[in-house]
Number of protein chains: 2
Amino acid sequence: MESEERLKNSGLKTTKSRKAILDILIRSDQPMAAEQIFLVLKEEQIAINLSTVYRTLESLENKDLVTKISILDDDRMLFEYNQLGHRHYLVCISCKKIITVQNCPLGTYEKTLEDETHFNIIGHKLYLYGNCEDCQMKNASN
Amino acid sequence: MESEERLKNSGLKTTKSRKAILDILIRSDQPMAAEQIFLVLKEEQIAINLSTVYRTLESLENKDLVTKISILDDDRMLFEYNQLGHRHYLVCISCKKIITVQNCPLGTYEKTLEDETHFNIIGHKLYLYGNCEDCQMKNASN
DNA sequence: TTTTAAATGCAAATGATTTGCATTTGCAAA
DNA sequence: TTTGCAAATGCAAATCATTTGCATTTAAAA
Ligand SMILES: [Mn+2]
Ligand SMILES: [Mn+2]
Ligand SMILES: [Zn+2]
Ligand SMILES: [Zn+2]
């Protein structure tokens, strides 16, 4: 399966924990918090310590199998399977649904900024916030 | 002074703490963490409890005098005096210097995304990362 | 198999931020 | 000016996501 492939290539040992956690992230269409992952594991009757979840996510992030992002207003970090390099996030401020966006409009902007600031720009994070269609309708009917 | 004006208009009581904290942020060319502000206060011989610093920053944020941002990779929040509405941040990943950028290239992109996703987009956060001129030179001479 | 570095479980620590409560203070009304 | 009181503050303790130390287990190379 995909997770075993990617673990093998990464140089990390293929452990039950890592496979289970990576599988969960591969299946998820949403970035997930460490504790959410921990709860899904519990549902699947897979007993993995929460600190191991954190350590696993850190390893996966170091190998670029997983991306760690800070989107929500609380202080939890979210983790997402890293299938595609660059991406942006569109977050519904009502229901917290997150949509991942591939298209990036910032290429020429970065060039301009480099000229202006003499920074060497390596990357960026773009988070867009709003209300999803569902939440717009719910809000309207109040 | 500017801080007293803005406090008066905000409806918040003009206390010694609030004036001192807002003054520090007005003077700073960098977003600051709560504890940094606390330390500057100490240098100025102004004894304000750290929890009061946090509560003050929260009040100032609620009144839109201050903006709270999460840029650094650690879990500290930064606070910045809110002179200008919309802005972006260019962060040096070596020395952590932060440059605030006014220009925003995302107007038409937001429109496009709204059409694609049926979200009602309210705002966005854009953080750019790279190496500042100084750090590029330091890195080169290694 | 044997060997050993890496991975894990468990409990305790961390550290930024928040909160409960007693006391103080800004400021509007008298 | 003085008074009354809601708002602000200090202090200590609580929170809570995340990290860490250490003893034990395990993947996988030889
Ligand atoms: Mn982009
Ligand atoms: Mn913008
Ligand atoms: Zn929604
Ligand atoms: Zn720098």
Side-chain angles (χ1 to χ4, degrees), chain A residues 3-24 31-42 44-63 65-79 96, chain B residues 3-24 31-42 44-63 65-79 96:
Chain A
S3 56
E4 295 190 69
E5 282 297 318
R6 300 216 52 184
L7 283 173
K8 194 144 297 179
N9 294 339
S10 74
L12 293 172
K13 285 187 185 176
T14 302
T15 68
K16 173 176 63 107
S17 306
R18 288 189 178 142
K19 187 176 167 327
I21 290 172
L22 191 52
D23 279 336
I24 288 173
M32 296 176 76
E35 181 126 31
Q36 289 180 63
I37 295 170
F38 176 72
L39 292 176
V40 172
L41 289 167
K42 190 172 286 183
E44 296 179 352
Q45 320 281 347
I46 304 173
I48 298 177
N49 194 277
L50 181 57
S51 67
T52 302
V53 174
Y54 276 107
R55 274 190 283 226
T56 299
L57 289 169
E58 191 182 10
S59 302
L60 295 175
E61 197 203 0
N62 289 337
K63 297 299 183 181
L65 298 188
V66 157
T67 304
K68 182 182 183 181
I69 55 178
S70 154
I71 298 192
L72 269 26
D73 277 338
D74 58 33
D75 53 2
R76 290 141 76 218
M77 297 286 128
L78 301 184
F79 299 84
K96 310 298 180 192
Chain B
S3 57
E4 294 189 71
E5 281 297 316
R6 300 216 52 184
L7 284 173
K8 195 143 297 180
N9 295 339
S10 74
L12 293 171
K13 285 185 183 174
T14 302
T15 67
K16 173 176 64 107
S17 307
R18 289 190 177 140
K19 187 175 167 331
I21 290 172
L22 191 52
D23 278 336
I24 288 173
M32 296 176 77
E35 181 125 31
Q36 289 179 62
I37 295 170
F38 175 73
L39 292 175
V40 172
L41 288 167
K42 189 172 287 183
E44 296 178 351
Q45 319 283 345
I46 304 175
I48 299 177
N49 194 276
L50 182 56
S51 67
T52 301
V53 173
Y54 276 106
R55 275 190 283 227
T56 299
L57 290 169
E58 191 182 9
S59 303
L60 295 176
E61 197 203 359
N62 289 337
K63 296 298 183 183
L65 297 189
V66 156
T67 302
K68 183 182 182 179
I69 55 178
S70 154
I71 298 191
L72 268 27
D73 276 338
D74 59 33
D75 52 2
R76 290 141 75 219
M77 296 287 129
L78 301 184
F79 299 84
K96 310 300 179 191

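Residues satisfying the side chain to side chain contact (heavy atoms under 4.5 Å, CB included) test with B:N62, not counting sequence neighbours, are B:E58. Here B:V40 pairs with B:I24, B:M32, B:E44 under the side chain to side chain contact (heavy atoms under 4.5 Å, CB included) rule; sequence neighbours left out. With sequence neighbours left out, A:K42 forms a side chain to side chain contact (heavy atoms under 4.5 Å, CB included) with A:F38.
When side chains are defined from C-beta on, B:E35 does not count as touching B:R76, because their heavy atoms never get closer than 4.5 Å.
Rounded to an integer number of Å, the gap from CG of A:L78 to P of D:dA17 is 12 Å. Whole-Å rounding puts the A:M32 CE to D:dT18 C1' distance at 17 Å.
For the atom pair A:N9 CG and A:T14 OG1, the distance stands at 9.5 Å (nearest 0.5 Å). Interatomic distance, OG of A:S59 versus CG of A:L22, reported as 11.5 Å (0.5 Å rounding). With rounding to the nearest 0.5 Å, the separation of CD1 in A:I21 from OG in A:S3 is 11.5 Å. The CG atom of A:L78 sits 11.5 Å away from the OG1 atom of A:T67 when rounded to the nearest 0.5 Å.
A heavy atom lying under 4.0 Å from DNA chain D marks the following residues of residues 11-23 of chain B, by number: B:L12, B:K13, B:T15, B:S17, B:R18. A heavy atom closer than 4.0 Å to some atom of DNA chain C occurs in A:A47, A:I48, A:N49, A:S51, A:T52, A:R55, A:T56, these being the qualifying members of residues 45-58 of chain A.
Nearest approach of A:I48 to A:S17, heavy atoms of both residues: CD1-CA, 3.4 Å.
Between the two ends of the helix from C:dT1-D:dA30 to C:dA30-D:dT1, each summarised by a five-pair axis, the helix axis turns through 40° (rounded to 10 degrees).
Applying the salt bridge (Lys or Arg N to Asp or Glu O under 4.0 Å) definition to pairs two or more places apart or across chains, those involving residues 6-22 of chain A are A:K19-A:D23.
Where DNA chain C meets chain B (any atom under 4.0 Å from a heavy atom), the bounding nucleotides read 5' to 3' are C:dA16 to C:dC27.
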